Amino acid sequence: MSGRFKGFKRWIFAGCVLVLGIVLTAAFYWRYDILRTTLDPKVPFQTYDPPPAPNYADPAAWALLPRGATGMDRAADVFFVHPTTFDGGRDWNAPYDQPKAGRYLNRVVLPNYAAPFSRVGRIFAPHYRQASLYTFLTLRDDAREARRFAYGDVREAFRAWRDHYDQGRPLVLVGVEQGGSLLARLIAEEIAPNPALKDRLAGVYLIETAVPADEYGPAAPVPACVRRDEAGCVVAWASLTDGDFQKAQEWLGRSLTWMGGDQLENLNGRKPLCVNPVLGAQTDERAQARLNLGAVNATGLEWGARPAFLKRQVWAQCENGLLHTGRPKSASLRDTGSWTDRRKVDGYNLFWADIEADAAARVAALAKRAPPVITTPKA
């Protein structure tokens, strides 16, 4: 009897181990779906109560805002719209002062993506009620509503800059990932119809942003940049390591673009705009690694500190509207962090020094075209 009982216990134990193994295997296999589900607010956007709006008269509503005489020696003003830093969960749109998102912005985004413009101009970088990372992992209508909602804050921040800080300097517009998408609409609605602003536009940078190339042709109000010694044009790219077919599919199949005002639709086969950041031109020519002025992993670097450049890290080539790059030589230029961190923009910038040189060249090109009009800031 005892032998049968021991055998029965062994079968029970083996069964429990088998069930546990199945559960763990399923959890591992569907782990990304599980993680994605935890980011879902699980309420329709129509019934969602968004966080309070930022007041752009308050310096706390800006991630970067020149104080006093700071940056007065810079040639231009830079309006910078940051990428997604908020994962999601309870909110479709982040509170503009959400602590975790703010830490990621200050530690990762600003030193890697805003700092290349710090020697060119005074940087104005608004906080805004950004759409969560979850909205980029689904094509639900609720996610599109969240992105439309985020645009309202960016528009108000730009108007606050124009009404209270604008001194008639050359203007550089920079948007990264989500920020690039929102900036693309801002260009169409706030810059293109305004000849005075358009005449002062040194350059637009839509970094890691897929926008349709056919909207930035030679006859467009703000066309794509054909040369580096050209002002008033758009530099845009969406990058991937050469051979990463999944990333290419995501860029082409999941990117949304503004159609007819506030409508967000898939690219639907439209070729994205690709301006090679190493060459500063819309071309399919390969930029060899020797031309790469300097990549940087500036994560954690104190604002204002000059990073050490890693030169000749990658080649870069526009192919079918996407920027293909070589694999970086330095281990510091590789994806790290959590699953959510790896779905945000990279915690490094392969073209840090190239972007800095490009922005300086476009501001200089604008200066040759006509002297800037200096005005007094409005009260």
Side-chain angles (χ1 to χ4, degrees), residues 82-85 104 106-120 174 176-177 180 205-210 225 228 235-252 272-361:
H82 69 74
T84 308
T85 62
Y104 191 89
N106 292 324
R107 186 177 66 88
V108 178
V109 173
L110 297 181
N112 281 299
Y113 295 96
F117 299 92
S118 62
R119 289 194 171 188
V120 170
V174 185
V176 185
E177 189 245 8
Y205 294 83
L206 305 180
I207 299 171
E208 300 300 350
T209 308
C225 293
R228 177 154 281 168
V235 176
W237 72 86
S239 70
L240 66 152
T241 304
D242 193 45
D244 188 345
F245 300 109
Q246 181 179 346
K247 187 68 177 288
Q249 204 169 37
E250 289 175 1
W251 276 127
L252 298 174
L273 173 61
C274 184
V275 176
N276 192 313
V278 177
L279 301 175
Q282 186 183 15
T283 174
D284 291 339
E285 177 187 350
R286 176 178 291 205
Q288 300 297 337
R290 61 183 172 77
L291 300 176
N292 181 203
L293 296 179
V296 164
N297 184 331
T299 294
L301 195 66
E302 183 180 352
W303 180 256
R306 187 79 172 162
F309 295 139
L310 299 168
K311 297 184 178 181
R312 304 186 176 198
Q313 284 293 307
V314 294
W315 57 263
Q317 183 175 22
C318 293
E319 185 178 327
N320 296 322
L322 298 176
L323 184 70
H324 292 244
T325 73
R327 190 171 298 278
K329 299 172 185 177
S330 172
S332 67
L333 304 174
R334 310 260 170 89
D335 269 340
T336 59
S338 66
W339 179 82
T340 52
D341 285 349
R342 293 195 303 274
R343 272 141 192 84
K344 301 180 186 126
V345 293
D346 294 326
Y348 52 85
N349 189 338
L350 295 177
F351 309 110
W352 203 106
D354 303 276
I355 292 169
E356 181 182 57
D358 192 276

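Computed from heavy atoms alone, side chains included, the values below leave out hydrogens, waters and symmetry copies. No experiment lies behind these values; they were computed from the predicted model shown. Sequence positions, counted from 1, serve as the residue numbers for this chain.
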key: Flag if over 12 foreign heavy atoms under 6.0 Å of CG, N320   = no
ask   = Hey, does the side chain of D242 reach the backbone of D244 with a donor-acceptor pair shorter than 3.5 angstrom?
value = no
Aromatic ring pairing W352/F309, orientation class (parallel under 30°, perpendicular over 60°, tilted between) = tilted
request  = Step through the shown structure and confirm whether more than 12 heavy atoms of other residues, nucleotides or ligands are within 6.0 Å of CZ on R334.
outcome  = yes
message = Can you confirm whether D358 sits close enough to P116 that some side-chain heavy atom of one is under 4.5 Å from a side-chain heavy atom of the other?
response = no
request  = For the pair E356 and R306, find out whether any cationic side-chain nitrogen is under 4.0 Å from an anionic carboxylate oxygen.
outcome  = yes
message = Within the 4.5 Å heavy-atom criterion, are L291 and L279 side-chain neighbours or not?
response = yes
ask   = Would you say the side chain of V314 lies within less than 4.5 Å of the side chain of F351, judging by non-hydrogen atoms?
value = yes
note = dist C318:SG -> Q282:CD (nearest 0.5 Å) comes out at 8.0 Å
ask   = Under the 3.5 angstrom rule, does the side chain of Y113 hit a backbone N or O of Y348 as a donor-acceptor pair?
value = yes
remark   = dist L322:CG -> K247:NZ (nearest 0.5 Å) comes out at 9.5 Å
task = Locate the shortest heavy-atom distance separating N297 from S332; write the atom from each residue and the value.
result = ND2-O, 2.7 Å
inquiry  = With heavy-atom distances below 4.5 Å as the criterion, would you say the side chains of R327 and W315 are in contact?
reply    = no
message = Using side-chain heavy atoms (C-beta onward) and a distance below 4.5 Å, is D346 in contact with D335?
response = yes
inquiry  = Tell me whether D354 contacts the main-chain N or O of L293 through its side chain, where contact means a donor paired with an acceptor under 3.5 Å.
reply    = yes
inquiry  = Using modelled atom types and a 3.5 Å cut-off, is there a donor and acceptor pairing between side-chain atoms of N349 and backbone atoms of N112?
reply    = yes
message = Is it the case that atom NZ in K311 sees more than 12 heavy atoms from other parts of the structure closer than 6.0 Å?
response = no
ask   = Where do P111 and A115 come nearest, in terms of heavy atoms and distance?
value = O-CB, 3.4 Å
message = If I compare all heavy atoms of A210 with all of P272, which pair ends up nearest, and what's the gap?
response = CB-CB, 4.4 Å
ask   = Does the side chain of V275 come within less than 4.5 Å of W237's, by heavy atoms?
value = no
ask   = Ignoring hydrogens and geometry, is there a side-chain-to-backbone donor-acceptor pair from Q313 to K329 under 3.5 Å?
value = yes
task = Determine whether L240 and H324 make a side-chain contact, defined as any pair of heavy atoms from C-beta on separated by less than 4.5 Å.
result = yes
message = If only side-chain N and O atoms count, and only distance matters, is there a donor-acceptor pair under 3.5 Å linking Y104 with D341?
response = no
inquiry  = Does atom CZ (R228) have a neighbourhood of more than 12 heavy atoms from anything else shown, all under 6.0 Å?
reply    = yes
key: Whether S239 side chain and L323 backbone form a donor-acceptor pair below 3.5 Å   = no
task = Assess whether side chain to side chain contact (heavy atoms under 4.5 Å, CB included) is satisfied between W251 and E208, documenting all intermediate values.
result = CA-CA 10 Å; W251 276 127; E208 300 300 350; 3.6 Å; yes
request  = State, without any angle test, whether T209 and E177 hold a side-chain donor-acceptor pair at a distance under 3.5 Å.
outcome  = no
ask   = Nearest heavy-atom pair of C225 and G280: which atoms, and what distance?
value = CB-O, 4.4 Å
ask   = For S118 and W303, which heavy atoms make the closest approach, and how far apart are they?
value = CB-CZ2, 4.2 Å
query = What are the two closest heavy atoms between L206 and G180, and how far apart are they?
reply = CD2-O, 3.5 Å
Flag for T283-N276: side-chain donor and acceptor within less than 3.5 Å = no
task = Could you grab the distance from atom OG1 of T325 to atom CG of N292, nearest 0.5 Å is fine?
result = 9.5 Å
key: Side-chain donor/acceptor of Y205 to backbone N/O of V176, under 3.5 Å   = no
